[in-house]
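Below, chains carry the letters A, B, ... as their sequence lines are ordered, and counting in each starts from 1.
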Amino acid sequence: MSDTPKFPNTSRRGFLKAAAGGAAAAATAGQAAAGTPDPAITEVQPWAQGFGDGVDAVPYGMPIEHEAHVVRRNVDWLTADVISSINFTPIHALEGTITPQGCAFERHHSGAIEMTKQDYRLMINGLVDQPLVFTYADLERFPRTVATFFCECAANSGMEWGGAQLQGAQFTHGMIHNMEYTGVSLRTLLNETGIKPEGKWIYVEGADASSNGRSIPLEKALDDVLVAFFANGEALRKEHGYPVRLVVPGWEGNLWVKWLRRIEVTDMPTESREETSKYTDLMPDGRARKWTWEMDAKSVITSPSPQAPVRHGPGPMVITGLAWSGRGAITGVDVSLDGGQNWREARLAAPGEQKALTRFYLDHVWDGSEMLLQARARDETGYVQPTKDQLREIRGRNSVYHNNGIQTWWVKANGEAENVEVS
Amino acid sequence: MSKFPKLLVSAALVATLATPALAEKLGIGRAAMPEEIAAWDVNVLPDGRGLPEGSMSVLDGEAVFIDNCASCHGDFAEGLDNWPALAGGRGTLRDERPVKTVGSYWPYLSTVWDYVNRSMPFGGAQTLETDEVYGIVAYILYSEGLVDDDFVLSNENFTEVRLPNEDGFYVDDRVEVEFPVFATEPCMENCKDAVEITRKASDLNVTPTDDAGRPLSTIPDVTAGAEAPEEVVVAAVTPEEPPSATEGPDPELVAEGEKLFRQCKSCHELGEGARSRTGPHLNDVFGRVAGTVEGFRYSKPMVAAGEAGLVWTEETVAEFLADPRGYMKGTRMSFRGLKSDDDIAAMNAYLKSATE
């Protein structure tokens, strides 16, 4: 295989031709080879004779052991230890749009703490008419909302600013999850305390030892922010903030405070450590952008990718991925097979939803030649996901956060894929 | 702050459909008491609001810093291992590798005070006295060369100190600067003449891999006829004799101890190849004279205790872990101690099993 592959212009006619040849080539795996019947069918298998597990064998199930590769992973050289650290969702091995809580990425600043519902308290104070304290049982009595949102760490893909670095969508794009939350609108709770006219911001903080806190403008607080206690139909997992976390749709994950204990209405931002020394974006002139809350439109092909190589050879294949925008709904995703020379519109599994993951597909017939796969998201504001070089031209390489540049996977003729950048 | 008036409107419409309309108060919850608010509302604003009364000098602050912060951040706030430097780096923000510290990057001193007060030291948050927080902040300012060694920081003079990079930040302008460039009609055909690979992740080779050299969590080959994926090794469940007192530690207790040890791991290594990091390694800790791991910089009291004959045994380790700072006044270990005798027994069992 040469290091300077050629990428033929993939015209429609080219695809049709490939389809005709590919169908024959694909007729191998799982089918009778040279007229020998498949023993998986002709022999009676043990599972067709004896019993499986009875009910209650596992009162709360884990995935079957054959899926043991579908787990969160961390990269140990990224952080000084595992207490204040991050790991990655195995997005390359998941489908649909909902991320199971058990493998959704974790970011802790002082470890995942254990707290009971009985010990839980939420205080709202500051520039309010009446400072209030709520117990968990109190929160359960407010009218509820159900909605699905993605949560993306601002540092997702941050290791890629300097160039292609990590092999796999899990590592390059896995600081994201997408869950269906049940909770109470923050607006409802702030209505209960009332807000004084001087109140312009809220400051939210968690109960863990890091007491991670962030400032959010009141407009956002009164818009779509949720105080959530269920995710994907069950109580929040410990690592996601049990029993209560904040959900700040479309905005960077650091604002989604876990173990939420206090909301203070203020007249100015607190300028906490997490919104000054961190989560600010250093620009080439040595100054830094602050309050870069929204997550811009972004997409990634999850399969094929370095951890999800093509094993079936040429012929029909599924190219799939995820797209999202913190500024609204995804309106379309384009896929390129030739490193951005030509693009085709992908099929969305469902119309884009507000600030939630969208699954896209390109149903492709592969001719077995090398591909440089890219995806490009578009959202309802008219924004088109930029290339990494377009971002670098404006932001340089040291802004750490908010890297939403187009990802390239080099799929080789043997089906293996690698993280690369292209001209 | 209506940067996206159009979007806010559309989001609001959607929200209205999904959210119950509400204007009346429901009367749920109870009034927060002043003592409760005082206990939790401790954040400090850039204009100094929220600062409690207190003060400490640079020199006294240095001692507090050495005891509480230096094991990670270094004696001169220069940062050890992967832990952050707190001073230095001024003039590097345009460099290829900028060094972001309190002196070079942080805009407000209030942030430093607030963070130290609420979140530090790591593993012992909210254990510092108010005056000590002033002292640590004063020492960081001194390390950065922003104040003299006779400086005393207090709530009175706090807002007179300004950090060098206060004006180094501006509000997100992506919509003004980037949208006009990116939000254009996307090209679909013949968008560039040629494409070449310019960078490959394989040149760096920094991804965690499995034994076969593949990225971790690579999906197994499940095409029929493919070699069955390697069996996932699940700890064999073989019935064993119940542990007896003479046959070493109870495995359940050891497992419990291993879980508890997670809170120690950020500083202490244990097992094969363990080395001293921010804390001394713990291999063969039982029978070791206190303060004697080669090359590790202990606090003075720890060295003195060893010279006076302190040897780590199950009993002395138990006493130390129950209340580290009470047992060894001046120890650099910021850990606040294990809560119960059961936890201490488990930790002892684990330390024993792991070092044997």
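Taking the six-membered ring where tryptophan is involved, the planes of A:Y383 and B:F179 are tilted, since the angle between them lies from 30° to 60°.
In this structure, the portion of B:Y108 lying under 4.5 Å from any heavy atom of chain A is its side chain and not its backbone. A:S303 does not touch chain B: none of its heavy atoms, backbone or side chain, sits under 4.5 Å away. Both the backbone and the side chain of B:W40 have a heavy atom closer than 4.5 Å to some heavy atom of chain A. Using a 4.5 Å cut-off between heavy atoms, A:R121 touches chain B through backbone and side chain atoms alike. Using a 4.5 Å cut-off between heavy atoms, B:V112 makes no contact with chain A at all. For B:E36, the parts sitting under 4.5 Å from any heavy atom of chain A are the backbone and the side chain alike.
Using a cutoff of 4.0 Å between basic side-chain nitrogens and carboxylate oxygens, B:D41 and A:R262 are scored as salt-bridged. Salt bridge absent: A:K290 and B:D173 never bring a charged side-chain N and a carboxylate O closer than 4.0 Å. We find that A:E294 and B:R174 are joined by a salt bridge, their nearest charged nitrogen and carboxylate oxygen being less than 4.0 Å apart. Ionic pairing of A:E271 and B:R49 is not present here: no N-O contact between side-chain nitrogen and carboxylate oxygen is shorter than 4.0 angstrom.
With respect to chain B, the highest number of heavy-atom pairs below 4.5 Å among A:M283, A:R141, A:M123 belongs to A:M123. The choice from A:V75, A:V71, A:D285 that makes the most heavy-atom pairs within less than 4.5 Å of chain B is A:D285. Highest contact tally toward chain B, considering only A:Q130, A:E205, A:E264, is held by A:E264 [criterion: heavy-atom pairs under 4.5 Å].
Counting heavy atoms from C-beta on, the side chains of B:T184 and A:V384 never come closer than 4.5 Å.
Residues B:K192 and A:S423 share a closest heavy-atom pair of NZ-O, 2.9 Å.
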